[in-house]
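Here the structure is a predicted model, which is why all the values come from computation and not from measurement. In this chain, residues are counted from 1 in sequence order.
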Amino acid sequence: MAESNDNNLLDFTVIKLKSLAEGYKKKHHYDMAQQVEDCLQAYLDGDVTVLWKNGLPYVKLKQEESKNSSIAIR
């Protein structure tokens, strides 16, 4: 069995959400930056799933995934 290299993997979602938050801060959209940072924390905590469509993150609460509910961050 081959050794796992999971510690060498980059999580695109984490990188992209951090970048989005910084972009909003540079544009002085602090409320939007905070929403993205909250989303990132929920993702890291395992509370949400983030899907990407046309470059935008769509956030699904894990307990509601079966209901097909999502929130777009713009």
Side-chain angles (χ1 to χ4, degrees):
M1 180 181 254
E3 287 186 39
S4 174
N5 288 324
D6 289 345
N7 59 339
N8 292 328
L9 296 177
L10 295 176
D11 189 338
F12 170 81
T13 297
V14 172
I15 294 167
K16 184 63 177 173
L17 289 174
K18 285 180 180 180
S19 176
L20 282 173
E22 288 302 314
Y24 283 128
K25 286 178 186 177
K26 287 179 182 176
K27 294 178 181 178
H28 305 283
H29 297 294
Y30 300 111
D31 289 343
M32 291 297 293
Q34 185 61 55
Q35 288 179 11
V36 173
E37 289 173 346
D38 291 346
C39 172
L40 173 59
Q41 189 59 55
Y43 175 76
L44 292 172
D45 290 343
D47 297 333
V48 299
T49 300
V50 178
L51 306 172
W52 295 90
K53 296 179 185 177
N54 298 321
L56 293 174
Y58 286 79
V59 181
K60 287 182 146 185
L61 296 174
K62 286 208 174 180
Q63 65 267 21
E64 294 185 14
E65 281 183 358
S66 61
K67 296 179 184 177
N68 199 22
S69 63
S70 64
I71 302 167
I73 298 177
R74 297 175 194 243

*Are side-chain heavy atoms of C39 and L17 found at a separation under 4.5 Å?*
yes
*Is there a chain of hydrophobic side chains (I, L, V, M, F, W, Y, each step under 4.5 Å between heavy atoms) that links V50 to L44?*
yes
*Set of residues satisfying side-chain contact (heavy atoms from CB on, under 4.5 Å) with respect to K16, sequence neighbours excluded*: F12, L20, W52
*Nearest-0.5 Å distance that lies between atom NE2 in H29 and atom OH in Y24*: 8.0 Å
*Could you list the residues that satisfy side-chain contact (heavy atoms from CB on, under 4.5 Å) with D11, not counting sequence neighbours?*
T13, V14, Y43
*K60 versus V48: any side-chain heavy-atom pair under 4.5 Å?*
no
*Report yes or no: do M32 and Y30 belong to one cluster of Ile/Leu/Val/Met/Phe/Trp/Tyr joined by side chain heavy-atom distances under 4.5 Å?*
no
_I15/L10 under side-chain contact (heavy atoms from CB on, under 4.5 Å): CA gap, chis, key distance, verdict_ = CA-CA 8 Å; I15 294 167; L10 295 176; 4.1 Å; yes
*Ignoring hydrogens and angles, state whether a donor on the side chain of D31 or Q35 is under 3.5 Å from an acceptor on the partner side chain.*
no
*Partners of D45 by side-chain contact (heavy atoms from CB on, under 4.5 Å), sequence neighbours excluded?*
Q41, D47
*Please list, chain by chain and in numerical order, all residues satisfying side chain to side chain donor-acceptor pair (under 3.5 Å) with K25, sequence neighbours excluded.*
E37
*Provide the closest heavy-atom pair for A33 versus A21 in the form atom of the first, atom of the second, distance.*
CB-O, 3.6 Å
